[in-house]
Amino acid sequence: MDQKYFPKKVEKKWQERWAGNRTFEARPDNELEKYYCLEMLPYPSGRLHMGHVRNYSIGDAVAWYMRLNGFNVLHPIGWDSFGQPAEQAAIKQGVNPREWTEDNISQMKAQLKTLGIGYDWSREIAAHRPDYYKFDQWFFLKMLEMGLAYLKESEVNWCPKCETTLSNEQASGGICWRCGTQVEKQSRPQWFLKITAYADELLAGMDEIEDGWPEKVLTMQRNWIGKSEGAMIDFAIKDSPGGIDSVRVFTTRIDTIYGVNAIVVASGHPLIETNTGFFSEDVKTKIDQIEAEHANPKDYEVEIEKDGIDTGLHALNPFSGEELPVWVGNYVMMSYGTGAVMSVPGHDERDHEFATKFGLPVVSVIEPADGSDVRQEDGNAFTEKGRLVNSGEWSGKPSAEAISEMTSFAEEKGFGEKAVTYRLRDWGISRQRFWGAPIPIVHCGDCGTVPVPYKDLPVELPESAPFTGIGESPLAKVEEFVNVECPNCGGDARRETDTMDTFVDSTWYYFRYCDPRNDEMPFDPAIAAYWLPVDLYIGGIDHAVMHLLYTRFWTKAMRDLGLVSFDEPAKSLLTQGMVVGESFYSKKKGTYFFEDEVEFKRDGQGRITEAVLKSDGSPVKVAVEKMSKSKHNGVDPDDMISIYGADAVRLFVLFAAPAENELVWQESGIEGAVRFLQRVWRFVLKWRETVSGIDVSSGTPEEMSKAASDLRRKTHQTILRIRENFESRQFNTPVAALMELSNALGDAPFEPESATVVERYAVREALESLIIMLTPYAPHYCEELWEAVTGSTGGILASGARIPEAEESVAAKDEIEIAVQVNGKLRSRVYAAPDASNETLEAAALADEKVKEHTEGKQIVKMIVVPGRLVNVVVK
RNA sequence: GCUGGGGUGGCGGAAUUGGUAGACGCACAGGACUUAAAAUCCUGCGCCCUCAGGGGCAUGCGGGUUCGACUCCCGCCCUCAGCACCA
């Protein structure tokens, strides 16, 4: 142990030792309870950023904590290495995407090792390697057999900048999830995975994980799935010139059907397409206009004004027999329900707006059930449930009753049925890209779409392709790849040239970690049964509805394939907050500037009051935003590690804020972390000789001095706190507790030269506990101190060290402080034994001088005693 | 608009789930050591009065329940995130 703490030296030493001893390599062991700690698969961009550091610091803290509690911990890592940046690099710099990716992986791997994250590197995987994507293809074929994969010509989300399709999840909000560009609609054949087949199960499964997953994520998924119960109702079309004799609508409010004033359909509805000959030029023009707007939506932030036109067609209300006009409306979407709605302006905001704009009649058919006179006279629709009026034989019934009776009636009469719709759409996985897993399909003129036989997997990507960055997949231009014999008839055929969405790779990667070198199967079900499900999954909130929904779906599909026997892949989920930094934006220049290009003053509180550009003195806006290269507000983890050491960086990242919160990067904070480590180091240095012969495990000395038992109490209280905190996944408060323990250690009135055996025992116990409990935060550092204190050289884990068990009797105080309140206001404090009776406490409280001042001349009404806490004297 | 989080010192954040609000750290101020600086150590640090004993006010705002409310209930305000014509 050096006289001073040199992080670099300590970290290098232990990183080498861990690698040499294969300290973090896990193997299944039925004798041991397993713990699977998983962080989200990173994309190998080439550089680690602070978000990664935070993610992995949390994961490693948990992994260490569980190891130090005797669990068999699986803590793996790999690479989400297919995807656009590699292809962009190929297009722009002419590099080979494979080499580019491999280079990035080795760089980031080196960085992760410098950080000292305890990964089982023997299980490392990378999605772009054929031994991995072979099983993407394997799963695709299985899903094809299960009827979960299908090809369909359909309107897809198209990002004009990325030149590729996007799934609905990836085009959420109408913008590309990667580049933020407004998406367009395009029609093309593409492969879909039938996630909708599991819609109900995905909803129901949430009950199982409710305790472990953040409410926020579950809510987002529920909303995304968007289950809605109602009825399908057929409205007959009068004199249908196009041959379609009825239009089906979906409604959740069949009780309002007597208030229907029109049927409104989407511009792409079959009724429209089959009747074009019938429409006037005006109608056709308007329909085309709506259709065009739909294909190229303007701005999703702005509410689009209602628009539409009367087609001249007529429908019949099956309940009232009333004749209704059929309109085309821009607010009706082809992609939800049936693409047609019954317009009830009295009881639906959108229909109300539409009817108002076009002067259609508004009829009220629902009244508030409580008889209050809230009506739609204020110009709005009354959208709540109530009691029916003007509804023929149904008038007077409450909405709920009417809904079920009217649905049954429709079913009996054959013009409707009970129905459930979902917002969730099937997952489109076709991408017009080179750098992804080829979809294992051959298109044959005679046999149609033919799956590649399992024995021919993997369908390997060619070495390279002409990267133009536009239109079709680059694979289409690679003759050797495209031209193939049909596996069915042996004739000339073409390979599918689209590749899979990279989200396919990341749906099942953590199953592969269990059995990463299996050549026959994605993984051996028996091995997976030991490690899975994941016990704790840690990652950003940004994957709440993409990856996390896909992977839940995949798990259920794998269950149906017989690969796993559980329904939910992760028992608990931790969504970490972003790491943010101060950015400087000049409105005038329209760009972000580096900190040293800006002149700013901070007020006494450290906040920037005014900031101007050094170059020309123009004002700069200061904001705290997610760290990013383009905003120049990022901190390079490598820099931080080389200045302060990996342990200090990790300790600070965990201490600075709760894991779910945003973390504002403050360099002064990390200096505090270093100070703490240096302080403890000096303390160990001072005491290690003195406590070297003490064996804490050999039992507690009987005679305790006051100071020694005070220290022991603090030690055991700290153990209790840390166990509680980890249990509830609080990682910042344990650090505070350990700092308190270290402060208590420093304040204890012992000196190495004069300490008694009992005191040396207390110090050694405190030190050992402190070191073990700090290990999840600063593992290299603690390994070094552990070696210095205990003399064991094989490392903490090999020495069998565990997070200590607290002894309640030691943690208990022999005298406690009791707050004394008069009428709920704190007036004094008295001291008493922990088991003092209520009477004793009351007497002590009343005897207190300060209490007397406040009770003098007043009548004591009653006294409240909370044992161990306080006495409240109520006076009048 | 709908859904779900949040509002506690100058800052990040604690608070055994109804029981002494502000732990721990950062920043700041003062002091010791030093020729000096750094490092280290000590002290102070919610706000306002103060006769230096204390006293009053404080957890976004306004009510309520309670002996007692950051915590529970009602009504607002602000803020962050997600979804957004979902019939």
Side-chain angles (χ1 to χ4, degrees), chain A residues 4 172-174 214-224 226-228 230 249-253 256 264 300-301 303-306 329-333 335-344 347-351 353-354 421-424 541-542 544-545 602-607 652 655-658 660-673 675-676 678-679 682 720-721 724 730 732-743 746 817-829 849-850 853 861-875:
Chain A
K4 197 170 174 297
S172 175
E215 189 59 44
K216 189 181 6 179
V217 173
L218 297 179
T219 309
M220 280 165 74
Q221 293 206 355
R222 272 189 199 106
N223 292 344
W224 192 263
K227 181 175 182 170
S228 185
V249 305
F250 176 71
T251 179
T252 55
R253 291 296 303 275
T256 65
V264 186
Y300 281 77
E301 297 296 314
E303 198 168 318
I304 298 157
E305 208 192 322
K306 298 278 178 294
N330 67 341
Y331 72 103
V332 180
M333 299 180 299
S335 56
Y336 181 77
T338 62
V341 302
M342 56 180 223
S343 173
V344 186
H347 307 287
D348 181 282
E349 294 291 353
R350 297 150 302 177
D351 297 339
E353 200 187 321
F354 193 71
T421 61
Y422 299 89
R423 208 193 83 123
L424 184 69
I541 186 73
D542 38 331
V545 282
R602 289 185 192 270
D603 63 14
Q605 284 80 52
R607 277 181 304 211
F652 169 66
F655 175 57
E660 294 86 353
N661 287 22
E662 203 169 68
L663 170 61
V664 185
W665 188 263
Q666 292 276 338
E667 205 143 331
S668 56
I670 190 169
E671 284 164 17
R675 272 201 287 275
F676 168 65
Q678 295 285 13
R679 201 159 43 235
R682 285 195 299 272
L720 285 173
R721 274 174 72 181
E724 267 170 34
Q730 282 179 282
N732 55 333
T733 44
V735 180
L738 292 172
M739 285 173 168
E740 278 185 52
L741 179 58
S742 115
N743 290 344
E817 193 181 83
I818 302 289
V820 184
Q821 299 178 335
V822 178
N823 287 346
K825 275 194 196 290
L826 180 69
R827 294 300 178 188
S828 186
R829 296 178 174 88
E849 284 302 318
K850 288 174 205 153
E853 282 173 32
V861 182
K862 63 171 160 177
M863 295 186 75
I864 311 281
V865 181
V866 182
R869 295 236 156 251
L870 60 74
V871 177
N872 189 10
V873 185
V874 185
V875 296

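Every chain is numbered from 1, with letters handed out A, B, ... down the list of sequences.
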Engineer: Below the 4.0 Å mark, does G82(B) have OP1 or OP2 next to a side-chain nitrogen or oxygen of Arg423(A)?
Structural biologist: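 Checking Arg423(A) against G82(B): no side-chain N or O falls below 4.0 Å of OP1 or OP2.
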Engineer: Provide the distance between the two P atoms, one in A69(B) and one in C61(B), to the nearest whole Å.
Structural biologist: 15 Å
Engineer: Roughly how far apart, to the nearest Å, are A58(B) and G63(B) at atom P?
Structural biologist: 11 Å
Engineer: Given G5(B), is OP1 or OP2 found less than 4.0 Å from the side-chain N or O atoms of Thr219(A)?
Structural biologist: no
Engineer: Looking at Phe354(A), is Lys306(A) sitting on its ring face, NZ or CZ under 6.0 Å from the six-membered ring centre and within 45 degrees of the normal?
Structural biologist: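 Checked: cation-pi criterion not met.
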Engineer: For C76(B) and A21(B), measure between their P atoms and round to the nearest Å.
Structural biologist: 31 Å
Engineer: Give me the distance, rounded to whole Å, that separates G44(B) from G22(B) when you measure between the C1' atoms they each carry.
Structural biologist: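 Each nucleotide's C1' atom is 16 Å from the other's.
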Engineer: Using the C1' atom as the point on both nucleotides, what is the distance between U71(B) and G19(B), in whole Å?
Structural biologist: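 G19(B) and U71(B) have their C1' atoms separated by 11 Å.
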Engineer: Decide side chain to side chain contact (heavy atoms under 4.5 Å, CB included) for Thr733(A) and Arg721(A); before the verdict, give the C-alpha distance in whole Å, the side-chain angles of both, and the deciding distance to 0.1 Å.
Structural biologist: CA-CA 9 Å; Thr733(A) 44; Arg721(A) 274 174 72 181; 5.5 Å; no
Engineer: Considering the options Glu215(A), Gln221(A), Met220(A), which one meets the side-chain contact (heavy atoms from CB on, under 4.5 Å) requirement together with Val217(A)?
Structural biologist: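 The option that passes is Gln221(A).
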Engineer: Under 3.5 Å for both donor-acceptor distances, Watson-Crick or wobble: does G4(B) have a partner, and if so which one?
Structural biologist: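 Partner of G4(B): C80(B).
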Engineer: How close or far is atom P of G25(B) from atom CD of Glu671(A), stated in whole angstroms?
Structural biologist: 16 Å
Engineer: Counting distance alone, no hydrogens or angles: does the base of U20(B) have a donor or acceptor under 3.5 Å from a partner atom on the side chain of Gln821(A)?
Structural biologist: no
Engineer: Tell me the partner of U20(B), counting only Watson-Crick (N1-N3 plus N6-O4 or O6-N4) or G-U wobble (N1-O2 and O6-N3) with both under 3.5 Å; none if nothing fits.
Structural biologist: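 Base partner found: none.
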Engineer: P atom, A37(B) versus G30(B): distance in rounded Å?
Structural biologist: 13 Å
Engineer: Please measure how far the C1' atom in U65(B) lies from the corresponding atom in C74(B), and state the result in whole Å.
Structural biologist: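 About 11 Å, rounded to a whole number of Å.
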Engineer: For C57(B), give its Watson-Crick or G-U wobble partner with both distances under 3.5 Å, or none.
Structural biologist: G46(B)
Engineer: Between C85(B) and G62(B), how far apart are the two C1' atoms, rounded to whole Å?
Structural biologist: 37 Å
